[in-house]
Structure formats: C-alpha cells, structure tokens
2 protein chains.
Amino acid sequence: MKVSNKKEDFLQESLKLIHEKGFKATTMRDIAERMNFDVSNSYNYIKSKHEILEGFLFGTSAEFHSAMDNVLSSSYSPDEKLKQIISSHITIASTKPFEVALMVNEWRNLKEPKYTEYIKLRDSYEEKLGSLLLEGIEMGVFKAFDITIAKSVILSSLRWFYDSYATNNPNINPIELERQIVSFLFKGFLE
Amino acid sequence: MKVSNKKEDFLQESLKLIHEKGFKATTMRDIAERMNFDVSNSYNYIKSKHEILEGFLFGTSAEFHSAMDNVLSSSYSPDEKLKQIISSHITIASTKPFEVALMVNEWRNLKEPKYTEYIKLRDSYEEKLGSLLLEGIEMGVFKAFDITIAKSVILSSLRWFYDSYATNNPNINPIELERQIVSFLFKGFLE
DNA sequence: GTCTATATTCAGATAGAC
DNA sequence: GTCTATCTGAATATAGAC
C-alpha cells in the first residue's frame with residue numbers, strides 16, 4: 001500500500017493552487033515554488049500544464065457519470081432517484097471539493113479537442129437528468145415545470161456545495177445538508 | 001440623444017469577447033482586431049485592461065444592490081419581497097446578460113484593492129438577502145431552513161439565467177420564467 | 001484617432017550537467 | 001530528481017509620427 005507519492009503530491013498541490021488563483025493565473029513557477037523545487041522539475045510529473053487540468057476534469061466527470069448511471073439503472077422511483085443524485089453530488093463535493101471547484105470554475109480553459117469533448121460529457125450528464133425529470137413528470141410524481149428550467153434550478157442548487165468544503169469554514173454536515181436540500185427542492189420554501 | 005459612441009462600442013465588444021474567451025484569455029490584440037484597429041488604439045478608451053472588468057463588475061453590482069435596497073425598504077411581506085428579488089434578477093439578467101456573465105465568471109480576476117472591495121459588496125448583498133429570509137422564517141412565512149443553505153440554494157437558482165439570454169438559443173420568456181422559478185422555490189418540485 | 005515601432009515583463013517548455 | 005541556463009513566444013502598455 002502506497003503511503004505517499006510525489007506525483008500525487010504534485011498534482012494535489014497544483015489542484016489547490018489552481019483553485020486559489022485560477023488556472024490561467026497559476027504559473028508553473030507558482031506550483032514549483034509550492035513544491036520547493038525548480039520549475040523544470042514539474043515536468044518530471046506532467047507533460048504540460050494543461051495535462052493537470054484535463055486529468056482532474058475528466059476524472060471527476062467520470063465519477064459523476066458513474067454515479068448517475070448507477071442511479072438511473074436502479075429500480076427506484078423518479079423521486080427516489082433524484083434524491084440519490086442529490087446525495088451523490090454532496091458525497092463527491094464533500095470528499096473532493098477542489099476537484100469539483102475545478103469543474104465549476106475552470107473547464108473553459110480546456111483546449112480543443114478536449115474542450116468539445118468535455119462539453120459533450122456535460123451535455124450528456126444534463127440529458128440524463130432531463131430524461132429522469134421528464135419521466136417523473138409523465139408519471140405525475142413531479143410538477144409539470146419546463147424541463148430546461150427544472151434541470152437548471154436543480155443543478156444550480158447543487159453546484160455550490162464544494163465551496164463549503166474547500167474553505168476552512170465550519171463544514172456543513174453532509175447528512176443534514178442532504179436532508180434540507182431534498183426538502184427544499186421537493187416541497188419548497190413556503191411554510 | 002447619442003445614437004452611437006465609439007467608446008461604448010469598444011466596451012461592449014470587449015465585454016462580449018471576454019464572455020466568449022474569458023478575461024485572461026482575451027488579449028488587447030483580440031479586442032483591437034474585433035474593432036478593426038491596432039492594439040494601441042484601445043488605450044484611447046481605457047487606461048488598462050483591468051479597467052474594463054472593473055467598470056462592468058462594479059456597475060452591474062450597483063444595479064443589483066439598488067434593486068435589493070428598494071425591495072427591502074418596501075412594505076411588502078417577506079414572500080412578496082423574495083418574489084420581487086427574483087424578478088429583479090431576471091430583469092437584469094435578461095437585459096444585461098453579458099454583464100451578469102462577467103459577475104458570475106470573472107470576478108476572480110480583479111486585482112487588489114478592487115478584489116476585496118468587490119467581495120465585500122457580494123457579502124453585503126448576501127447578508128441583505130439573509131436578513132430577509134430570517135425575517136420570513138421568524139414570521140412563519142418561510143420554512144425554518146438553515147439560513148446559509150436557503151440563501152445558497154436561492155441565489156444559485158438565480159445564477160444561470162444570463163446564459164439563456166447570452167446565447168442565440170430561443171430565449172425563455174422572462175414572465176414565464178419568473179412564474180416557474182417562484183413556484184419551484186416556493187412550493188417545490190414534488191406533485 | 002490611427003499607425004509603426006518598441007520597452008518590459010513574464011510564461012511554458014526544453015537541454016543538459018550533476 | 002534536481003539544478004542552471006535558455007529558447008521562444010506572447011502580452012500589456014507607451015512613445016511619437018501622421
């Protein structure tokens with residue numbers, strides 16, 4: 001069992017720095033300084049700066065897709081499935097907040113053809129959710145909102161979690177967070 | 001009445017380019033090329049690249065604060081006030097989608113001391129909303145969700161509007177959008 | 001307002017010695 | 001794996017002529 005690995009260290013420090021300063025504003029020199037070695041050493045671990053971004057973005061995207069696929073192919077009802085999806089977002093955001101931060105903030109920095117490839121993954125994820133919402137509406141489980149609006153409201157409501165876990169702030173209890181988010185989205189804010 | 005103004009043109013084209021490529025990735029050369037003149041001419045209209053960003057960010061922030069302050073100082077009930085705030089977000093996002101896009105995506109690129117100044121404006125805006133939510137909860141109008149969670153869910157739900165108006169897609173009718181967002185946030189997705 | 005330089009700084013990446 | 005040195009390109013911004 002590997003206890004520590006310098007390439008992993010390098011990637012994790014890069015990830016945090018990029019989260020702090022933004023991808024473009026983070027230089028290879030910044031990362032090297034954080035690692036206490038010279039710029040040229042960084043290229044022992046990666047071929048290019050963009051490789052760092054691509055690795056995390058596509059890796060974490062795959063986790064979201066995997067969770068989504070497992071939920072959709074289950075025999076749960078649409079509302080239970082939606083609950084599971086919310087749960088998976090909280091789990092990933094609380095365990096990998098910096099990776100999720102990158103997905104939210106830095107995907108625009110991908111270069112072609114990775115950029116187009118990534119957009120397709122995002123669109124595909126949203127379509128999977130859209131099909132679930134549609135199914136729930138047709139079954140009379142969900143209210144008949146416009147699919148685009150419902151999809152955007154739900155995904156937006158899940159997109160800020162990472163921030164609570166990426167900062168030093170007293171973190172929100174993931175279990176309690178899930179309970180309140182589900183209740184808010186399902187039954188609304190009005191008493 | 002001024003029909004056209006070259007500085008306004010310059011700023012608007014800059015705004016759109018920054019929206020397309022991101023602030024850091026947009027060069028003064030890109031903007032000049034879009035304007036069909038040489039880079040050096042750009043400095044007829046601005047003192048620095050950052051001035052473009054700062055102008056739009058603080059200008060649009062002021063609009064949001066103004067709308068918020070007007071709502072809060074009205075005699076509406078908390079739920080009516082929240083409805084008005086949602087309405088103001090849709091109005092600003094639909095009339096100034098690129099300005100709002102900048103607020104969502106590019107505020108990290110501000111330099112000190114503007115950066116800190118801007119964060120304070122954002123925090124202040126969120127606190128104003130938070131005080132409204134708290135008031136509504138205490139009056140029994142809103143459910144007793146955690147204030148931070150409720151605030152984040154609501155603001156996140158309003159943060160994607162600009163995208164629908166910044167693209168060429170068939171735009172969402174603002175009136176209908178408001179109706180559905182209010183219904184979703186107030187009464188939830190469950191039938 | 002527009003151009004042709006040009007100053008300055010800095011970033012990504014590589015070569016090659018130890 | 002680490003260093004020194006360097007190539008190459010690019011970006012913001014300014015000076016000064018027309």
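This is a predicted model, so every value here is computed, not measured. In what follows, chains carry the letters A, B, and so on, assigned in the order in which the sequence lines appear, proteins first and then strands, with residues in each chain numbered from 1.
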| task | May I ask you to evaluate whether A/Lys24 reaches the phosphate of C/dC10, defined as a side-chain N or O under 4.0 Å from OP1 or OP2? | result | no
| remark: Result for 5'-nearest mapping on DNA chain C, choosing between A/Phe23 and B/Ser40, is B/Ser40
| Interatomic distance where CE belongs to A/Met35 and C1' belongs to D/dT2 [whole Å] | 13 Å
| What's the CD1-P distance between A/Ile18 and C/dA11, to the nearest Å? | 14 Å
| field | Distance in angstrom units between B/Lys49 NZ and D/dA11 C1', rounded | value | 8 Å
| request: Ignoring backbone atoms, establish whether B/Tyr43 has a side-chain N or O less than 4.0 Å from OP1 or OP2 of D/dA15. | output: no
| query | Regarding A/His50 and A/Lys114, is there a side-chain donor-to-acceptor distance under 3.5 Å anywhere? | reply | no
| Could you state the CG-P distance from B/Asn109 to D/dA11, rounded to the nearest angstrom? | 15 Å
| field | Residue whose nearest DNA chain D nucleotide is more 5′ - A/Phe37 or B/Lys47 | value | A/Phe37
| field | Separation of atom CD1 in A/Ile31 from atom P in D/dT2, rounded to whole Å | value | 15 Å
| Side chain of B/Asn44 (C-beta onward), nearest among C/dA11, C/dG1, D/dG1 | C/dG1
| Nucleotide C/dT14, atom C1' - distance to CZ of A/Arg29 in whole Å | 12 Å
| query | Contact class for A/Phe10 (heavy atom, under 4.0 Å): base, sugar-phosphate, or nothing? | reply | nothing
| message | Output the rounded distance in Å from CG (A/Asp38) to P (C/dA17). | response | 17 Å
| query | Taking the six-membered ring for Trp, are A/Phe186 and A/Phe142 parallel (under 30°), tilted (30 to 60°) or perpendicular (over 60°)? | reply | tilted
| query | Judged by atom type as modelled, is there a donor-acceptor pair below 3.5 Å linking the side chain of A/Ser61 to the main-chain atoms of A/Phe58? | reply | no
| request: Ignoring the backbone of A/Tyr45, work out which of D/dA13, C/dA11, D/dT2 is nearest its side chain. | output: D/dT2
| query | Relative to the ring of B/Phe10, is the ring of B/Phe37 parallel (under 30°), tilted (30 to 60°) or perpendicular (over 60°)? | reply | parallel
| query | Do the ring planes of A/Phe189 and A/Phe184 sit parallel (below 30°), tilted (30 to 60°) or perpendicular (above 60°)? | reply | parallel
| task | Using atom CG of B/Asn5 as one end and atom C1' of C/dG1 as the other, report the distance to the nearest whole Å. | result | 14 Å
| task | Between C/dA13, D/dT2, C/dT2, spot the one nearest the side chain of B/Asn41, thanks. | result | C/dT2
